[in-house]
**Q** 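Have a look at this one.
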Amino acid sequence: KASKSDDGFCSAPSIIQSDEKTKPIYWKVTNPTLSPSHLQDLPGYTRSVYKRDHALITPESHVYSPLPDWTNTLGAYLITPAMGSHFVMYFAKMKEMSSSGLPPKDIERLVFVVEGAVTLTNTSSSSTKLTVDSYAYLPPNFHHSLDCAESATLVVFERRYQHLGSHTTELTVGSTDKQPLLETPGEVFELRKLLPVSLAYDFNIHIMDFQPGEFLNVKEVHYNQHGLLLLEGQGIYRLGDNWYPVQSGDVIWMAPFVPQWYAALGKTRSRYLLYKDVNRNPL
Ligand SMILES: NC(=O)N[C@@H](O)C(=O)O
Ligand SMILES: [Mn+2]
């Protein structure tokens with residue numbers, strides 16, 4: 001309810017600091033402020049946009065269906081080569097007693113836990129528990145299984161591995177909070193990378209933090225493509241000639257060369273996860 005300030009102007013209620021402290025990290029990805037339920041009575045309205053060089057895919061647009069080869073898991077594909085990308089990005093909603101299927105031959109996989117927990121088991125049958133904010137990179141043709149006892153939401157990236165000489169990638173498991181902050185000359189955001197930067201890896205996952213009011217200094221145009229998930233916060237994303245208010249849970253596809261820029265707004269930090277192809281000649 002708008003409050004009547006003493007100078008007679010109606011002011012919108014300020015951003016209510018709910019008991020965010022008691023919520024698990026990234027909880028807003030699966031409980032966005034503007035959630036599908038808020039829009040269900042508004043016929044035909046969506047915040048989603050799909051254009052030649054970018055897309056904004058918002059939670060009310062997600063369409064889930066059983067993931068082939070996974071058990072008891074629903075998947076919503078957000079980005080696929082049908083858009084022009086060389087990777088896929090999807091949400092995997094794992095229910096009780098669910099397990100993953102293997103990617104196709106020669107396809108590498110990165111999973112990041114947004115909610116819940118899974119256990120990663122691999123050929124050497126050592127098993128690792130992955131909780132929220134943890135991730136695993138599985139090299140192409142690397143036998144593994146992700147098993148979920150209760151429930152979990154993963155964001156998954158997969159792509160055909162692009163060999164470079166005799167370099168090979170390895171199973172990589174970690175969590176964002178244990179990655180060091182990297183230098184970002186000329187930029188103010190905080191940057192972590194989830195994968196090694198060595199030439200063997202043909203993509204990386206950047207985790208980028210902005211305090212409210214901070215923004216990208218470079219209005220970027222580059223050959224790399226992106227799949228972005230806003231994990232925390234809100235702000236404005238410029239893509240081409242469009243300016244989009246975005247919130248936790250939103251996903252963005254950025255084609256090569258799309259002009260891109262972000263500014264963080266609100267009272268809490270923005271954090272986004274960003275797929276970026278690297279280390280390969282664009283020719
Ligand atoms: N959009 C965006 O954040 N891009 C940069 O982070 C980058 O490394 O390309
Ligand atoms: Mn970029």
Side-chain angles (χ1 to χ4, degrees), residues 26 28-29 47-58 78-79 83-89 110 112 114 133 135 137 155 157 159 162 172 174 176 179-266 268-282:
Y26 310 149
K28 278 208 154 179
V29 173
R47 295 170 51 233
S48 292
V49 172
Y50 172 50
K51 298 203 171 193
R52 184 187 59 80
D53 58 2
H54 69 273
L56 169 62
I57 304 110
T58 52
L78 304 155
I79 300 173
M83 279 176 161
S85 68
H86 61 215
F87 66 95
V88 296
M89 177 179 185
L110 183 287
F112 182 93
V114 171
D133 198 37
Y135 60 91
Y137 166 80
V155 59
F157 294 91
R159 63 166 284 185
Q162 204 178 336
T172 308
T176 305
Q179 302 313 308
L181 288 179
L182 304 173
E183 291 295 308
T184 56
E187 295 283 0
V188 294
F189 61 84
E190 290 188 328
L191 172 62
R192 291 174 173 86
K193 294 184 182 180
L194 302 186
L195 296 181
V197 294
S198 55
L199 284 179
Y201 294 82
D202 57 9
F203 75 92
N204 215 312
I205 300 289
H206 295 184
I207 304 287
M208 298 167 59
D209 292 351
F210 299 78
Q211 292 309 316
E214 293 184 337
F215 52 87
L216 281 175
N217 183 44
V218 177
K219 301 85 179 178
E220 294 181 2
V221 172
H222 51 54
Y223 77 91
N224 322 71
Q225 46 191 277
H226 290 317
L228 182 154
L229 170 61
L230 193 57
L231 291 168
E232 292 178 302
Q234 67 266 133
I236 304 286
Y237 229 99
R238 174 179 182 176
L239 296 161
D241 291 334
N242 306 84
W243 307 69
Y244 301 101
V246 291
Q247 65 171 359
S248 317
D250 288 356
V251 166
I252 294 174
W253 150 244
M254 293 179 242
F257 301 109
V258 65
Q260 60 196 252
W261 182 81
Y262 181 64
L265 298 171
T268 58
R269 81 162 174 208
S270 287
R271 169 171 283 185
Y272 60 73
L273 177 154
L274 186 80
Y275 165 97
K276 181 175 189 177
D277 50 299
V278 292
N279 292 335
R280 297 296 184 268
N281 185 319

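When a ligand or atom number is given, it counts from 1 through the structure's own listing order. Along the sequence shown, the residues carry numbers beginning at 1.
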**Q** Does any donor atom in the side chain of Tyr26 or Arg271 lie under 3.5 Å from an acceptor atom in the other side chain?
**A** yes

**Q** So, 4.0 Å and heavy atoms of Tyr237: is ligand 1 close enough to count as a contact?
**A** yes

**Q** Calculate, to the nearest 0.5 Å, the distance between atoms CG and CD1 belonging to Leu181 and Ile207 respectively.
**A** 12.0 Å

**Q** Could you list the atoms of ligand 1 found under 4.0 angstrom from a heavy atom of His206?
**A** 8 (O)

**Q** If we set the cut-off at 4.0 Å for heavy atoms, which region of Leu228 has an atom near ligand 1: side chain, backbone, both, or neither?
**A** neither

**Q** Determine, using heavy atoms of Asn224 and all atoms of ligand 1, whether some pair is separated by less than 4.0 Å.
**A** no

**Q** As an exercise, state the distance from CD1 of Ile236 to CG of Asn242, rounded to the nearest 0.5 Å.
**A** 12.0 Å

**Q** Which pairs pass salt bridge (Lys or Arg N to Asp or Glu O under 4.0 Å) with one or both residues in residues 226-236, sequence neighbours excluded?
**A** Glu232-Arg269

**Q** Tell me whether ligand 1 is touched by Trp261 - counting only heavy atoms on the residue side and a distance under 4.0 Å.
**A** no

**Q** Just to be sure I understand the site: which N, O or S atoms from the protein are less than 2.8 Å away from the Mn ion (ligand 2)?
**A** Glu220 OE1, His222 NE2, His226 NE2, Gln260 OE1

**Q** Please check if atom CG in Asn281 has more than 12 non-hydrogen atoms from other residues, nucleotides or ligands closer than 6.0 Å.
**A** yes

**Q** Which label fits His86 and Tyr275: parallel for a plane angle under 30°, tilted from 30 to 60°, or perpendicular past 60°?
**A** perpendicular

**Q** If we check side-chain contact (heavy atoms from CB on, under 4.5 Å) with Tyr237, which of these qualifies: Leu56, Asp250, Leu228?
**A** Leu228

**Q** Only heavy atoms of Met208, strictly under 4.0 Å: list the atoms of ligand 1 that pass.
**A** 3 (O), 6 (O)

**Q** Which residue and atom name correspond to the protein heavy atom nearest atom 7 (C) of ligand 1, and how close is it?
**A** Lys276 NZ, 3.3 Å

**Q** When you look at Phe189 and His206, which way does the side-chain contact (heavy atoms from CB on, under 4.5 Å) test go after all the steps?
**A** CA-CA 11 Å; Phe189 61 84; His206 295 184; over 6 Å; no

**Q** Taking the six-membered ring for Trp, are Tyr262 and Phe210 closer than 6.0 Å centroid to centroid?
**A** yes

**Q** If you have a sec, work out which protein heavy atom is nearest atom 5 (C) of ligand 1 and how many Å separate them, to one decimal?
**A** Glu220 OE2, 2.9 Å

**Q** Between His226 and Tyr272, is the ring centre distance below 6.0 Å?
**A** no

**Q** Which residue holds the protein heavy atom closest to atom 2 (C) of ligand 1, what is that atom called, and what is the gap in Å?
**A** Gln260 OE1, 3.4 Å

**Q** Are any side-chain N or O atoms of Arg159 and backbone N or O atoms of Asp202, one a donor and one an acceptor, separated by less than 3.5 Å?
**A** yes

**Q** Where is the nearest protein heavy atom to atom 3 (O) of ligand 1: which residue, which atom, and how far?
**A** Tyr272 OH, 2.7 Å

